[in-house]
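The structure appears right after this line, and notes come after that.
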Amino acid sequence: MKSGFLTLLIAALAVIALGAIARSSDPLLVQQAYIVGAVLVLALLFAVRGTAKELANDTLARSGWQGVSAKNKPLWVDEKYNDTIVRYGVVAIVFWGVVGLLVGVVVALQMAWPQFNIEPWLSFGRLRPLHTSAVIFAFGGNALLTTSFYVVQRTTGARLFGGALPWFVFWGYQFFLLLAASGYVVGITQGREYAEPEWYTDIWITIVWVAYLLVFLGTLFKRKEPHIYVANWFYLAFIVTVAMLHLVNNLAVPVSLTGIKSYSAFSGVQDALVQWWYGHNAVGFFLTAGFLGMMYYFVPKQAGRPVYSYRLSIIHFWALIFLYIWAGPHHLHYTALPDWAQTLGMVFSIMLWMPSWGGMVNGLMTLSGAWHKLRTDPILRMFVLAIAFYGMSTFEGPVMSIKSVNALSHYTDWTIGHVHSGALGWVGMISFAAVYYLTPRLWRRSSLYSTRLVNWHLWLATLGIVIYASVMWVAGITQGLMWREYDPQGFLVNSFIDTVSALHPEYVMRVAGGALYLLGALLMAFNVYKTIRGGAWDRKAESDPTPTRDAEQAGASAAPAGTAATA
């Protein structure tokens, strides 16, 4: 890592934070600047220490490592690929995953027992966007950033483009997360779903995202393989489309350059349509397309089998990216949005069944000839379970977009159950499995610390998802039916508080489901930590040990098995 570059970047950001404290009269911005400044000062201390250590290691490297044992030799010396940044990314995935899920459990506790709302910083209104952003953009975003850097290097045979630019992308993204999280806690928000950060944070992530695109495209341009593997198609679609969505949805005019407040460029029904064009496609391209890129690389690798049909993967790609972009209006059924636009969103949502299930079938059928591995490989089971949840979520979503179904489900906890079955089942599971795949390879371990803990994680997470989604489905249908119950005179039978009281048991069960899922993530964090440290708990029990990173690089081609169509 170029620690000197990191030190300069952190120092520059710290100066900006101090300037905000000194110049701004906005109390919320000053509060945020104090938080950000304190974190940056701590980071600067670690960065300076890292710079000194790197200089010492560079000196030893130039001297030919005379008198230095192989055990003490840093992992990044003589690497063909930039895997150091991927190692940092794996740690970030684990850290933000635990943080996001922990905040989610706290939010669930607040829904079941309102006394857990602690004003003002730890109230539900501030922690809820912190939870969604931490899970989607911190945990999921770091998973996409990290795996895309790993996959694009292996499938192109080229080192990451840009020298220190990938490090700017990685640390710049972490700084964006710090800005967003600190803003939510002190009360800074635009009030836009999945796009709550204010204008200055939006500008920063735009700069970082353009750098991310340059790194990814630059690596593809200097590839040593003539073929661009399909996983990179999905990653590239995710990067480009999210950039477009972000730029349009976050068009705003700040009131002052030294204040937090801004006003959207859109208003009324146009603002609602733009928001849910963004909101649904954030799901479609951030939480679907990018993670499908992970599926098309890691599942064939872990199974040791080629992609079932490379031709189908290309059809899957083009159909998905064309249809998904039109589905957003189904979030606005029975609103002021014109009826033709609502119907358009519904029709395209139903059409999404075909490419979505085509991808699911392609992922599952990749295990043809390798199904027996599921008996002994919990990582592969986790990948398969993720694909299964992807299939279930992409079936349920189109059903919920049908107007007659939406009349019952909209604004209820059914939607919450649907979102979490996809987020926890698809995004969470495939990210966990990718972490388990990457960790021993990146740190040159023969295997994970414990596959038994992977098994425990798998079943705890699965049980947590089933409990969570099931009780939210029951709660949502209960809400919908109670809200539309009329007496003979045509008056509503139930008040809003009646529905809230009726759902208390389901909310308590949601806490239990979320806690089980969090417990599984904590086991993963422990397992990853012990693997990095080089421990081995149940090495004898591992009948299918994970190969080391060196062995993989020596025997693997640039693209995973399945580059050619094998349908």
Side-chain angles (χ1 to χ4, degrees), residues 27-29 31-36 38-39 92-142 174-198 201-202 205 260 275 279 282-283 286-287 411-413 415-420 422-424 427-428 464-465 467-469 471-472 475 500 503-504 506-522 525:
L28 294 182
L29 183 59
Q31 289 180 46
Q32 184 183 36
Y34 274 117
I35 297 172
V36 171
V39 174
I93 295 169
V94 175
F95 170 77
W96 285 113
V98 171
V99 169
L101 295 172
L102 176 61
V103 177
V105 171
V106 173
V107 169
L109 284 168
Q110 292 176 338
M111 293 291 287
W113 295 283
Q115 54 266 36
F116 280 97
N117 281 267
I118 302 174
E119 297 289 348
W121 284 24
L122 301 180
S123 64
F124 177 84
R126 298 189 182 184
L127 289 186
R128 190 268 176 182
L130 178 62
H131 163 60
T132 55
S133 292
V135 171
I136 296 172
F137 298 114
F139 171 60
N142 273 294
Q174 308 311 311
F175 184 65
F176 155 71
L177 297 174
L178 173 62
L179 283 176
S182 59
Y184 300 151
V185 171
V186 301
I188 298 173
T189 176
Q190 290 189 91
R192 304 178 74 84
E193 186 75 349
Y194 310 139
E196 288 90 348
E198 269 289 358
T201 307
D202 290 336
I205 189 57
I260 62 167
Q275 162 59 38
V283 175
F286 201 96
L287 298 180
Y411 308 118
T412 73
D413 287 325
T415 305
I416 310 302
H418 165 64
V419 168
H420 281 77
L424 301 181
V427 172
I465 297 169
I467 293 174
Y468 192 114
V471 297
M472 287 297 97
V500 174
L503 300 180
H504 181 71
E506 285 85 352
Y507 284 2
V508 174
M509 289 298 294
R510 171 167 62 179
V511 174
L516 288 174
Y517 199 86
L518 172 62
L519 180 58
L522 291 172

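Classified by interplanar angle (parallel below 30°, tilted 30° to 60°, perpendicular above 60°), the ring pair Phe137/Phe176 is perpendicular. Note on ring orientation: taking the six-membered ring where Trp is involved, the planes of Trp113 and His504 are perpendicular (angle over 60°, cut-offs 30° and 60°).
Here Gln32 contributes atom CD and Leu178 contributes atom CG; the two are 8.0 Å apart, rounded to the nearest 0.5 Å. The line from CG of Leu179 to CD of Gln174 is 12.0 Å long, rounded to the nearest 0.5 Å. The CG atom of Leu109 sits 9.5 Å away from atom CD of Gln115, with the distance rounded to the nearest 0.5 Å.
At least one donor-acceptor pair under 3.5 Å links the side chain of Gln275 to the backbone N or O of Glu193. Listed for the Glu196 side chain is no donor-acceptor partner under 3.5 Å among the backbone atoms of Tyr184. In this structure, Ser123 contributes its side chain and Glu119 its backbone to no donor-acceptor pair below 3.5 Å. Looking at Tyr517, its side chain does come within 3.5 Å of a backbone N or O of Leu424 through a donor-acceptor pair. At least one donor-acceptor pair closer than 3.5 Å links the side chain of Asn117 to the backbone N or O of Phe124.
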Note to self: Run Glu198 and Leu29 through side-chain contact (heavy atoms from CB on, under 4.5 Å) and show every step you take.
What the structure shows: CA-CA 11 Å; Glu198 269 289 358; Leu29 183 59; over 6 Å; no
### Query
Hey, mind stepping through His420 and Met472 against side-chain contact (heavy atoms from CB on, under 4.5 Å) and telling me if it holds?
CA-CA 9 Å; His420 281 77; Met472 287 297 97; over 6 Å; no
Can you list the steps and then say if Leu127 with Gln110 is a side-chain contact (heavy atoms from CB on, under 4.5 Å)? CA-CA 10 Å; Leu127 289 186; Gln110 292 176 338; 3.6 Å; yes
Inset, instruction - Show the numbers, then the answer: is there a side-chain contact (heavy atoms from CB on, under 4.5 Å) between Val106 and Leu122? - result: CA-CA 9 Å; Val106 173; Leu122 301 180; over 6 Å; no
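Side-chain contact between Tyr507 and Asp413 is present, with heavy atoms from C-beta onward closer than 4.5 Å.
Heavy-atom contacts from other residues, nucleotides or ligands closer than 6.0 Å to CE of Met509 number 12 or fewer.
Remark: Ile35 pairs with Trp121, Ser182, Val186 by the side-chain contact (heavy atoms from CB on, under 4.5 Å) rule, at least two apart or across chains. Remark: Val419 pairs with Thr415 by the side-chain contact (heavy atoms from CB on, under 4.5 Å) rule, at least two apart or across chains.
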